[in-house]
Undergrad: 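Sharing a structure below in structure tokens format, with a few things to ask.
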Amino acid sequence: LIGVVWSWRLNRQRRAKNYERGLKMIPMLIHLPPSTDDIQGGGRDERDVTNEALSQAQVMYSIIASTVTKGLKSRIFGQRHMSFEIIAAEGLIKYYAVVPAVIVETVKQAVISAYPSARLEEIEPDSIFSEEVTTDQVAGGEMTLKKSFVYPISTYEDSQRDASLGILNAMSVTKVGEGIAVQILLRPTDGGWTKKSEEWVQNIKSGKKVAEAGKKAANKIVLLVKDFVQAFWRPPDAHEKYEKDPLTNLQQEEIAAIENKTKHPGFETLIRVVASSKSKDRSEAMLGGVVAAFAQFDSQNFNGFQYD
């Protein structure tokens, strides 16, 4: 009974904490400069310029990842979350960051470190819902990973194409009274996810399936007990040893991809897509275009997104 009461009280405190955090979120409009203002091409290959931009973006995420907190309180209530949002409404596409008040300055520093000419303005985001639209005419859902989080999605380094352009093109179809929003909720992790990735790699190297990771240890215990019981009338037999097959090229690529992902900061992430118009069919069509654009992140052998 005490355990039930404690669990109920803890869940209630978590809900109250999440509500409190929601009231302390600061929305900011990110004014982005023209693409050539921050990074001058100077006749260089476009891919080199893009790689430089990606390196600066990685610095931004590293700064945001540094906001992770440790201790019992963080374990109970979780890390503070924030969101990056792309909103298409009234013929314009805007970028927003919605951030806990206590880390506003840190996030500003992170964004400006990646885009020195950017300017952040505290302002309420545009709404994608017009007064004539009802909830029955809105379409939306979440993008989830197809496989375990240990597997990476396709990145620019893999495909050599800017997948964000496809998403922006899909969002640019909005007309007056219509809107599309992509919300990326994220919060930093304490690094525990890398341990799961390391275990996954070890299972691949040892030739074990993930679901069978504990079977080998269990079999050893069974054989030990059997030898102990039979030792009174006969010596124990040598157990058959199984030689594992050498790793295939695909398995080696799989290990390299998982290990490479652990070199970067990790975030718990939730992606939402919502489309609004005066027609349910139109909303579904606009939503479908954005969902299709996320297919650019699909990796044939590793991971990708699916609409849920």
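Index from 1, following the sequence.
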Undergrad: What pairs with E198 under salt bridge (Lys or Arg N to Asp or Glu O under 4.0 Å), at least two apart in sequence or on another chain?
TA: none

Undergrad: How far does CG of N303 sit from CD1 of I258, to the nearest 0.5 angstrom?
TA: 10.0 Å

Undergrad: Tell me, do L145 and F305 make a side-chain contact under 4.5 Å, heavy atoms counted?
TA: yes

Undergrad: For T189 and G266, indicate whether the former's side chain and the latter's backbone hold a donor-acceptor pair under 3.5 Å.
TA: yes

Undergrad: Please give me the minimum heavy-atom distance between P125 and I87, naming the atom from each residue.
TA: CB-CD1, 3.9 Å

Undergrad: Which heavy-atom pair separates I64 from A110 by the least distance, and what is that distance?
TA: CG1-CB, 3.9 Å

Undergrad: Any chance you could measure S279, atom OG, to E178, atom CD, to the nearest 0.5 Å?
TA: 9.0 Å

Undergrad: Got P100 and M82 here, is their nearest side-chain heavy-atom distance under 4.5 Å?
TA: yes

Undergrad: In terms of the angle between their ring planes, are Y151 and F302 parallel, tilted or perpendicular, with boundaries placed at 30° and 60°?
TA: parallel

Undergrad: Same cluster or not: are I63 and Y61 linked, directly or through other Ile, Leu, Val, Met, Phe, Trp or Tyr residues, by side-chain heavy atoms under 4.5 angstrom apart?
TA: no

Undergrad: Test side chain to side chain contact (heavy atoms under 4.5 Å, CB included) on V290 and V182; report intermediate values, then the result.
TA: CA-CA 9 Å; V290 177; V182 176; 4.0 Å; yes

Undergrad: Check the side chains of E85 and S83 for a donor-acceptor pair under 3.5 angstrom, ignoring hydrogens and angles.
TA: yes

Undergrad: Using salt bridge (Lys or Arg N to Asp or Glu O under 4.0 Å) as the criterion, list what pairs up with R187, not counting sequence neighbours.
TA: E268

Undergrad: Backbone N or O of A256 within a donor-acceptor pair of the E259 side chain at under 3.5 Å?
TA: no

Undergrad: Between S172 and N169, does any side-chain donor sit less than 3.5 Å from a side-chain acceptor?
TA: no

Undergrad: Start with the C-alpha gap between R282 and Q137, add the side-chain angles, then the distance that decides, and say whether side chain to side chain contact (heavy atoms under 4.5 Å, CB included) holds.
TA: CA-CA 9 Å; R282 172 65 176 167; Q137 297 167 321; over 6 Å; no

Undergrad: Can you give me the closest heavy-atom contact between V150 and S197, atom names plus distance?
TA: CG1-OG, 3.6 Å

Undergrad: Hey, could you give me the CE/CD1 distance between M286 and I128, rounded to the nearest 0.5 Å?
TA: 8.0 Å

Undergrad: Quick one: salt bridge (Lys or Arg N to Asp or Glu O under 4.0 Å) partners of E157, sequence neighbours excluded?
TA: none

Undergrad: For residues V99 and M25: do they belong to one hydrophobic cluster (side chain heavy atoms under 4.5 Å, members Ile, Leu, Val, Met, Phe, Trp, Tyr)?
TA: no

Undergrad: Using a 3.5 Å distance criterion without hydrogens, assess whether the side chain of E142 forms a donor-acceptor pair with backbone atoms of R272.
TA: no

Undergrad: To the nearest 0.5 Å, tell me how far Q251 CD sits from N301 CG.
TA: 12.0 Å

Undergrad: Heavy-atom count check: over 12 atoms from other residues, nucleotides or ligands less than 6.0 Å from Q300 CD?
TA: no

Undergrad: Is any side-chain heavy atom of F84 closer than 4.5 Å to one of L186?
TA: yes

Undergrad: Give the intermediate values and the outcome of side chain to side chain contact (heavy atoms under 4.5 Å, CB included) for residues M28 and I123.
TA: CA-CA 5 Å; M28 295 182 291; I123 188 174; over 6 Å; no

Undergrad: With no hydrogens and no angle check, is any side-chain donor or acceptor of Y307 less than 3.5 Å from a backbone partner on L287?
TA: no

Undergrad: Quick one: side chain to side chain donor-acceptor pair (under 3.5 Å) pairs with a partner in residues 88-104, sequence neighbours left out?
TA: K94-D126

Undergrad: Answer yes or no: is there a side-chain heavy-atom contact under 4.5 Å between D298 and I153?
TA: no

Undergrad: Under 4.5 Å between side-chain heavy atoms, hopping through other hydrophobics if needed: is there a path connecting V98 to I86?
TA: no

Undergrad: Is there a side-chain contact between L29 and L120, using heavy atoms and a 4.5 Å cut-off?
TA: no

Undergrad: If you compare all heavy atoms of V102 against all heavy atoms of R80, which two are closest, and at what distance to 0.1 Å?
TA: CG2-NE, 3.6 Å

Undergrad: Within this structure, what is the NZ-CG distance for the pair K205 and L247, rounded to the nearest 0.5 Å?
TA: 8.0 Å

Undergrad: Could you tell me whether the side chain of N203 and the main chain of W200 form a donor-acceptor pair under 3.5 Å?
TA: no

Undergrad: Find out if a path of hydrophobic residues (ILVMFWY) with successive side-chain heavy-atom gaps under 4.5 Å connects V138 to M143.
TA: no

Undergrad: I need the minimum non-hydrogen distance between A65 and P188, along with the two atoms involved.
TA: O-CB, 3.8 Å

Undergrad: Using atom types as modelled and distance alone, determine if a side-chain donor or acceptor of S159 lies under 3.5 Å from a backbone N or O of T155.
TA: yes

Undergrad: Look at the side-chain heavy atoms of Ile, Leu, Val, Met, Phe, Trp and Tyr, link any pair under 4.5 Å apart, and say whether V68 and L185 land in one connected group.
TA: no

Undergrad: Taking atom NZ as the centre, does K146 end up with more than 12 heavy-atom neighbours from other residues, nucleotides or ligands that are less than 6.0 angstrom away?
TA: yes

Undergrad: Could you work out, with ring pair (Phe, Tyr, Trp, His ring centres under 6.0 Å) as the rule, every residue matching F129, not counting sequence neighbours?
TA: none

Undergrad: With a 4.5 Å heavy-atom cut-off, do T248 and Q252 have their side chains touching?
TA: no

Undergrad: Could you measure the distance from the CD atom of E199 to the OG1 atom of T194? Nearest 0.5 Å is fine.
TA: 10.0 Å

Undergrad: Is a donor from one side chain sitting under 3.5 angstrom from an acceptor on the other, for T69 and Q79?
TA: yes

Undergrad: Between V274 and I180, is a side chain to side chain contact (heavy atoms under 4.5 Å, CB included) present by the stated rule, with each step listed?
TA: CA-CA 6 Å; V274 180; I180 303 175; over 6 Å; no

Undergrad: How about K280: does its NZ atom have over 12 heavy atoms from other parts shown lying under 6.0 Å from it?
TA: yes

Undergrad: Taking F149's backbone N and O only, do any of them form a donor-acceptor pair with K261's side chain (distance below 3.5 Å, no angle check)?
TA: yes

Undergrad: List in chain and number order the residues that pass side-chain contact (heavy atoms from CB on, under 4.5 Å) with L165, two or more places apart in sequence or in another chain; answer none if no residue qualifies.
TA: D162

Undergrad: Taking all heavy atoms of P265 and all of W193, pick out the closest pair and write down the distance.
TA: C-CZ2, 4.4 Å

Undergrad: Could you walk me through whether S277 and S283 pass side chain to side chain donor-acceptor pair (under 3.5 Å), step by step?
TA: CA-CA 5 Å; S277 73; S283 297; 2.9 Å; yes

